[in-house]
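In what follows, a structure is listed as structure tokens, so that the remarks can point back to it.
Convention: sequence-line order gives letters A, B, ...; per-chain numbering from 1. Below, each value reflects all heavy atoms present in this structure, side chains not excepted, and no hydrogens, waters or symmetry copies.
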Amino acid sequence: MKYDFASIEPKWQAKWQQEKTFATETGSGKPKFYGLVEFPYPSGQGLHVGHARPYTAMDVVARKKRMDGYNVLFPMGYDAFGLPTENYAIKNHIHPAKVTHDNIENFTKQLKMLGYSFDWDRVVNTTDPEYYKWTQWIFLQLYKKGLAYKTTMPVNWCTSCKCVLANEEVVDGVCERCGAPVVRREKSQWMLKITEYAQRLIDDLDELDFIERVKTQQKNWIGRSTGAEVTFKATTGDDIVVFTTRPDTLFGATYMVISPEHRYVKQWADKLENLSTVEEYVAAAARKSDFERTELAADKEKTGVELRGVRAVNPVNGREIPIFISDYVLSSYGTGAIMAVPAHDTRDWAFAKKFGCEIIEVVAGGEDVQKQAFTAKDDTGVLVNSEFLNGLTVKQAIPAITKWLEEKGIGHEQVNYKLRDWVFSRQRYWGEPIPMVWCDKCGWVPLPEEQLPLLLPEVDSYEPTDTGESPLSKMADWVNTTCPHCGAPARRETDTMPQWAGSSWYFLRYMDPHNKQALASRQALDYWSPVDWYNGGMEHTTLHLLYSRFWHKFLYDIGVVPTKEPYHKRTSHGMILGEGGEKMSKSRGNVVNPNDVVAEFGADTMRLYIMFIGDFEKAAAWSAKAVKGCKRFLDRVWNLSEQLADSGAYSAANESAIHKTIKKVADDIEAMKFNTAIAALMALVNDFYANGCSRGDYAAVLLMLSPFAPHMAEELWESLGFAAQRGGQACQQAWPAYDASKTVAAEVNMAVQVGGKLRATITVPLDSEQDAVVAEAMKDPKVRKFTEGMETVKVILVKNKLVNLIVRSKK
RNA sequence: GCCGGUGUGAUGGAAUUGGUAGACGUGACGGACUCAAAAUCCGUUGGGCUAAUCCCCCGUGUGGGUUCGAGUCCCACCACCGGCACCA
């Protein structure tokens, strides 16, 4: 009988669906395992082979965990709000909800076609009002705790999406999604105080089993630095507060720089002798897009203007120093003002050289500071020209000066973060409405919780407006409401939430997806939390992963969830590239469609290949030829079923190899080394071809193969009578038992080295002692040849592995 | 510039973490089967030297080092990939 995947696969998929083979009960005597993959955005293009890699991997893990006796939660859903759907809807005049519905239907079909063991009764969809009701509810809780606020500030504005972006969504000055330039605009936006959680988002990483590069990337993004805030007096009498990580260099501060947006620039306008030049510079800085600003940053050419008419006083020595504005000082970091120490900071040095500022060395130990800044922050430098700090190393001087500043009341230790608050409003239609009402008397009033969900209204046009207002603002019926507080006429917020909102808590909803009273029942949360293993893309490290950790910590603080962190273990997969090793894209014409692969080779081959393709964490190029190799392997497994010896036990010739493979495959799955797990199975099947194969041997291979190629495994399991014999599907069996004692053979092959060079291999009884091994080795003519006339000075024995004879010529 | 990662046959990639480099797959070559091809099965396949699948030598980006022994550890360098970047 031929391996007819085209009829086998739908057969088993239908059976799994009918019998709800993978439905999960909350609560059971078994230990729980919650495996999670990032839910897809249901785009019109359908499932990509890039999706198949992480999904297949976690499916293999989930299936293996079930065989290990775990109660496994392995859910799937759709992150369906977002711009591509909205843009498609605009272009084709179809409602985004309809587009979403159709795309989800297609995705579901494709996911089922690949045989994933999701619990399909727990599907969530972020655009479902029953779901986003709770997204809105979380927002209200954030608002009540003061963590959501509306403010006017310069924001990133995508010129193409006509929408604001979070800092995390701007990459190299362009929109992360569409690549259009991002400019800065003053807009009133809802913000979430993620900065309040900055320290905990760093600290709690220590307890988590995240791969290291995710941890470092998150830490770098949060960007903690410790230093001091110091207050300088301006000649106007105002205080100028600066942040510095080098308070020890305070005596070398020869000028100050404040950002062009700093409030003092306007405040001091009437005192400035060169007001028009200053205003010109401020205007020019404001015009620059983020892209231009990062471009300019690259060549480090400093620009700026001195504020003539106002000066500052260095608090440590009373010296009057000039104040500049320059866009190398950012308004959004620290205090928007710095003390410049050109001798010991490369940026200040470059600026000082250009504008002729004084350079005073206060840390000795480097090159001439007139030629180059000396920035070492360790013990190599010693303080000079700094009165009471002289003679101290930098490391000693920092606490000393900090203490001094505190005593004088002009400074204190300070920690700063690069992380900014999360810009949370979007001026688009297809997102969760923000449940807030503006009342002229009461200000912003949250919608009462019992009025949730606040439904998206039906509109005629979803087009974004050029004015930067949400399309919802044109819906007078919807916008005009009454104040929940005082009953006066009021207006709804018309911005919607960013796509990251729905994905920030979806893993909680899977635990109890149909709950109408809460986002999930406490019982379900207690049972399933936290996610045991979450696999996803590196591109979400500073977006989704950071945002959802923040929300989860907040929910923990208000007593909604039982754990501080949402995910225990986080792993990441590499991208699937096209045949040539380039990124798959329509324009390159190298996109592989999973439907085509499944039609030609079957889902099991597709699954097997995507796991065999290479190191799971690294990018891998698709190879049509290698796909065939995996199909060939499955054919070989299938064909073997027709030549089985009729014994339920492992055959003597294969027993040792079977036990080794059982351990190898289990270990490799746990370590995500799927490629070597499959290689081990291939090697075992090769052994079976060489040695013959019993029914018992074969059953073991079917069980080990079942997480990777479940349809074929089930079909053979059933047709060979194992299902009837052992009861239940292959995926419902226990993982075959591993017996270490069965893996050891009576004899082992050992390498013989002379002077570290391999000269022979010998076969000796297991656990042979040194003398016996050497004696056996000396029987080998090659070994004799290299030891002839030599004196053995040392023998190194690695038991059952290797013996190394160290020789030297006799005197 | 800073942080992280990678570099192994023709090729995708293995290597129990310091112990026989190249598992497994692809490709190539040879054989069996076939009228033939495909499919399948069985071999061979790092380089040099060679009549030889005898020997011997070389070989994991480059140059040093530690060690009985290094793809693996240390130092310096080169190349490529990813992240961050005027963050005081």
Side-chain angles (χ1 to χ4, degrees), chain A residues 171-172 211-221 223-225 227 242-246 249 257 293-294 296-303 326-330 332-341 344-348 350-351 416-420 538-539 541-542 574-575 581 609 612-615 617-630 632-633 635-636 639 660 663-664 667 673 675-686 689-690 749-761 782 785 793-799 801-807:
Chain A
V171 176
D172 292 333
I211 51 172
E212 216 42 50
R213 53 197 172 120
V214 168
K215 287 190 185 183
T216 44
Q217 251 183 58
Q218 288 212 344
K219 281 182 196 161
N220 289 345
W221 185 263
R224 178 196 153 101
S225 58
V242 302
F243 172 70
T244 176
T245 55
R246 293 293 302 277
T249 60
V257 188
R293 244 181 121 140
T294 35
L296 284 169
D299 63 32
K300 311 260 186 211
E301 180 68 16
K302 297 287 182 285
T303 60
S326 171
D327 63 5
Y328 86 90
V329 171
L330 309 172
S332 49
Y333 182 76
T335 60
I338 62 157
M339 62 176 213
V341 185
H344 305 291
D345 181 282
T346 48
R347 294 153 304 179
D348 297 345
F351 188 90
N416 261 320
Y417 302 92
K418 290 181 201 169
L419 186 70
R420 323 272 170 82
M538 282 305 289
E539 71 275 19
T541 302
T542 54
M575 234 197 304
Y609 174 64
F612 188 61
I613 193 166
D615 185 334
E617 292 196 29
K618 287 191 207 140
W622 187 267
S623 157
K625 279 181 178 161
V627 177
K628 267 193 208 157
C630 288
R632 202 172 287 166
F633 168 67
D635 282 333
R636 274 165 72 79
N639 294 338
K660 276 185 196 157
K663 175 160 171 56
K664 169 87 179 148
D667 290 351
K673 293 162 79 173
N675 52 338
T676 50
I678 293 165
L681 287 170
M682 288 173 168
L684 187 63
V685 169
N686 289 346
Y689 268 86
N749 289 321
M750 286 183 66
V752 182
Q753 294 182 345
V754 180
K757 285 200 170 183
L758 182 71
R759 294 301 176 190
T761 52
K782 264 164 60 178
K785 179 179 160 192
V793 288
K794 197 173 173 188
V795 177
I796 288 151
L797 181 81
V798 182
K799 228 176 202 183
K801 279 255 142 95
L802 163 149
V803 63
N804 189 2
L805 308 172
I806 314 302
V807 295

Minimum-distance nucleotide (side-chain atoms of D327(A) versus C86(B), C3(B), A88(B)): C86(B)

Donor-acceptor under 3.5 Å (S326(A) side chain, T303(A) main chain): yes

Same-atom distance (P) from C41(B) to G48(B), integer angstrom: 31 Å

C68(B) base / N804(A) side chain donor-acceptor hit below 3.5 Å: yes

Position toward the 5' end of RNA chain B (nearest nucleotide), G756(A) or A621(A): A621(A)

Pairwise P distance, G31(B) and A21(B) [rounded to whole Å]: 33 Å

Runs of at least three consecutive pairs that involve RNA chain B, where pairs are Watson-Crick or G-U with distances under 3.5 Å: B:1-7 with B:78-84, B:10-12 with B:24-26, B:27-32 with B:40-45, B:46-48 with B:56-58, B:61-65 with B:73-77

Pairwise C1' distance for U53(B) and G64(B), with rounding to whole Å: 38 Å

T541(A) backbone acceptor or donor facing Q218(A) side chain under 3.5 Å: yes

Gap between atoms NZ and C1', on K215(A) and G83(B) respectively (whole Å): 18 Å

Heavy-atom protein contacts under 4.0 Å, nucleotides 20-30 of chain B, coded B base, S sugar-phosphate only, - none: B--BBSSS---

Donor-acceptor under 3.5 Å (Y328(A) side chain, F351(A) main chain): no

Y609(A) side-chain N/O to S623(A) backbone N/O, donor-acceptor pair under 3.5 Å: yes

Minimum heavy-atom distance C630(A)-F612(A), with the two atoms named: SG-CD2, 3.9 Å

Base orientation of U17(B), syn vs anti, 90° cut from 0: syn

Same-atom distance (P) from C73(B) to G18(B), integer angstrom: 8 Å

Tabulate protein N/O versus nucleotide N/O from nucleotides 52-59 of chain B, keeping only pairs under 3.5 Å, one per line.
from   : atom 1 : to      : atom 2 : distance (Å)
C57(B) : OP2    : R759(A) : NH1    : 3.1
C58(B) : OP2    : K757(A) : NZ     : 3.1

Side chain proximity check, K628(A) to K625(A), heavy atoms < 4.5 angstrom: no

G27(B) and A79(B), which share atom name C1', separated by this distance in whole Å: 27 Å

Test item: T244(A) and V341(A) side chains (from C-beta on) under 4.5 Å apart, heavy atoms: no

